[in-house]
Amino acid sequence: MEKIQNLKREWDELATEYKDLEAVNQNYLELLESLEGLQQKCRKDIKHQRYRLNQIGLGMSKLNIPNSSSLPSEYQDMTAEIEKGMMKRKAQLHEIEQTLPKENGLYLKIILGNVNVSILNRNDKVRYKDDYEKFKLILNVIGLSMALLNLVVNYRALELAFMFLLVWYYCTLTIRESILKVNGSRIKGWWRAHHFISTVSAGVLLVWPQGEPWQLFRSQFMYFNAYISMVQYLQFRYQKGVLYRLKALGERHNMDITIEGFHTWMWKGIGFLLPFLFIGYLFQAYNAWVLYKLSEHPDATWQIPMMSFLFLVLFIGNTTTTMLVIPQKMRERAKDQYRLKSLSWALKIRDQIKGDKRKASEKSSPVNSSEKKGD
């Protein structure tokens with residue numbers, strides 16, 4: 001009987017706890033509805049702000065502001081203040097917009113449907129980005145191992161397994177990068193296109209029939225993948241340390257990522273990886289040339305000229321993008337260095353002033369005066 005009474009007491013306690021759970025869940029649902037309403041209001045207000053900014057911009061253009069030197073000085077100051085404030089407000093609206101859920105792009109809609117992939121919590125965003133980096137690192141190590149194994153063992157099943165791994169890797173990479181893009185990542189358009197092209201290339205390689213042309217190209221392709229995997233590993237190790245330091249200093253965005261190619265972090269040590277990257281680009285051009293010559297082989301199939309074209313596109317896209325970004329980033333680096341020097345000088349002056357004030361206060365403090373009298 002006592003055991004039954006204990007069980008009844010435990011059941012009553014559990015029922016009370018369940019009522020508390022229901023209350024918490026109800027509160028959660030109400031907050032969720034309130035959150036959705038606030039999100040809609042934020043979007044509406046952002047749209048309204050941009051509309052008003054456009055109207056003000058049109059009004060400024062009608063005043064012929066570029067030729068405002070004839071205006072009185074007070075009006076020149078007012079127009080300059082408005083222009084500066086408009087630029088700042090556009091940046092502020094962009095930052096606010098990054099905190100709101102975004103609609104999926106066309107690619108994610110095709111793959112995932114209308115599932116909302118926006119991550120609202122900043123820590124969760126960083127965690128997802130870190131998972132993405134770890135995913136790339138692990139798959140690069142596996143790819144390097146399989147490429148080296150294929151150089152040692154000429155076995156068709158192992159080749160197909162490696163090709164399938166490449167298809168799956170690049171398909172998964174495009175999906176993950178699209179999710180990162182929705183959540184505020186500033187990855188360049190070409191590098192995303194690079195992964196889509198790589199997915200197509202891996203698919204073409206998967207259906208390339210075994211024959212003499214494939215055997216002639218096989219070793220070169222495995223060496224190419226081994227080299228790219230090693231470069232990406234070096235790039236990952238260097239980028240992780242640099243991005244961590246820059247984020248700690250507040251100079252980089254939390255959703256910045258590592259990519260197969262050039263990125264802004266390299267300007268902290270441009271001479272380290274650029275030669276390796278350009279060697280990889282030249283390797284792509286060499287692959288395109290060898291495949292072009294193989295397309296004249298009697299047993300050549302459509303996969304050979306297709307792969308030659310894709311390698312050529314990758315070479316041109318990677319090289320052109322890198323060369324176009326270099327002058328821009330050199331200018332930005334010079335500005336950053338000047339800004340950092342100015343900040344360092346200002347901090348030194350501030351510390352010096354604080355030190356002088358501290359010494360002056362210590363000399364004039366009552367404690368020091370009484371000590372001197374006692375002496």
Side-chain angles (χ1 to χ4, degrees), residues 30-110 112-122 124-126 129 177-193 247 250-257 263-264 321 324-325 327-329 331-336 338-339 342-343:
E30 291 174 358
L31 289 174
L32 189 60
E33 292 179 1
S34 176
L35 175 64
E36 292 176 354
L38 290 172
Q39 289 172 353
Q40 293 296 330
K41 190 175 187 308
C42 281
R43 292 193 185 96
K44 183 179 178 181
D45 291 346
I46 289 172
K47 186 176 180 181
H48 174 72
Q49 285 276 323
R50 285 180 173 158
Y51 172 76
R52 294 291 302 274
L53 283 173
N54 289 333
Q55 294 299 312
I56 294 173
L58 290 174
M60 296 280 284
S61 62
K62 289 179 182 179
L63 291 174
N64 197 18
I65 295 303
N67 298 324
S68 61
S69 57
S70 59
L71 294 174
S73 59
E74 57 179 326
Y75 291 104
Q76 292 183 25
D77 294 339
M78 289 172 62
T79 55
E81 183 181 353
I82 292 173
E83 289 180 337
K84 183 179 179 180
M86 288 177 64
M87 293 179 62
K88 183 179 179 180
R89 182 59 52 81
K90 289 178 181 178
Q92 290 171 334
L93 292 175
H94 177 74
E95 290 297 323
I96 293 174
E97 202 170 33
Q98 296 302 315
T99 64
L100 298 172
K102 292 184 180 179
E103 186 179 355
N104 293 349
L106 178 62
Y107 180 65
L108 281 180
K109 286 183 177 178
I110 294 173
L112 303 177
N114 290 321
V115 178
N116 187 357
V117 296
S118 296
I119 305 172
L120 300 182
N121 185 278
R122 184 182 297 272
D124 290 340
K125 284 185 177 183
V126 176
K129 196 276 299 183
E177 285 175 350
S178 297
I179 295 174
L180 286 169
K181 187 71 174 177
V182 169
N183 287 282
S185 177
R186 293 179 287 188
I187 182 174
K188 299 295 184 183
W190 163 250
W191 305 121
R192 293 185 66 204
K247 283 190 290 186
E251 296 181 30
R252 298 300 297 150
H253 194 270
N254 280 331
M255 295 302 286
D256 279 352
I257 63 172
H263 206 38
T264 52
T321 304
L324 288 176
V325 170
Q328 173 191 349
K329 295 305 175 184
R331 290 192 296 270
E332 290 182 2
R333 186 189 184 194
K335 292 179 181 178
D336 291 341
Y338 175 77
R339 187 167 62 250
S342 301
L343 179 61

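All residue numbers refer to positions in the sequence shown, counting from 1.
Residue L53 comes nearest to K90 through the heavy atom pair CD1-CG, 4.0 Å, listed as atom of the first residue, atom of the second, then distance. When all heavy atoms of N104 and G113 are compared, the closest pair comes out as ND2-O, 3.7 Å. Here the shortest heavy-atom pairing between V117 and I179 reads O-CG2, 4.0 Å. Taking both residues in full, the closest heavy atoms of S118 and P101 are given as OG-CA, 3.3 Å, listed atom of the first, atom of the second, then distance.
Around atom CD of E81, no more than 12 heavy atoms belonging to other residues, nucleotides or ligands sit under 6.0 Å away. At most 12 non-hydrogen atoms from other residues, nucleotides or ligands lie less than 6.0 angstrom from CD of E103. In this structure, K102 places its NZ atom where more than 12 heavy-atom neighbours from other residues, nucleotides or ligands lie under 6.0 Å away.
By the side-chain contact (heavy atoms from CB on, under 4.5 Å) test, L38 is found to be paired with S34, residues two or more places apart in sequence or in another chain being considered. Not a single side-chain hydrogen bond (donor to acceptor under 3.5 Å, both in side chains) links E33 to another residue, sequence neighbours left out.
Looking at Q92 and R89, their side chains do bring a donor and an acceptor atom within 3.5 Å of each other.
The NZ atom of K129 lies 12.5 Å from the CD1 atom of I119; values are rounded to the nearest 0.5 Å. Expressed to the nearest 0.5 Å, how far NZ of K88 lies from CG of L93 amounts to 12.5 Å. Within the model, atoms CG of L35 and CD of E30 stand 13.5 Å from one another, a figure rounded to the nearest 0.5 Å.
D45 is not listed as a side-chain neighbour of I96, based on a closest heavy-atom distance of 4.5 Å or more. K109 has its side chain out of reach of S178: every pair of non-hydrogen atoms, C-beta onward, lies at least 4.5 Å apart.
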Open item on the list: side-chain contact (heavy atoms from CB on, under 4.5 Å), that's the test. Do R50 and E97 meet it? Break it down for me.
Closed with: CA-CA 12 Å; R50 285 180 173 158; E97 202 170 33; 2.9 Å; yes
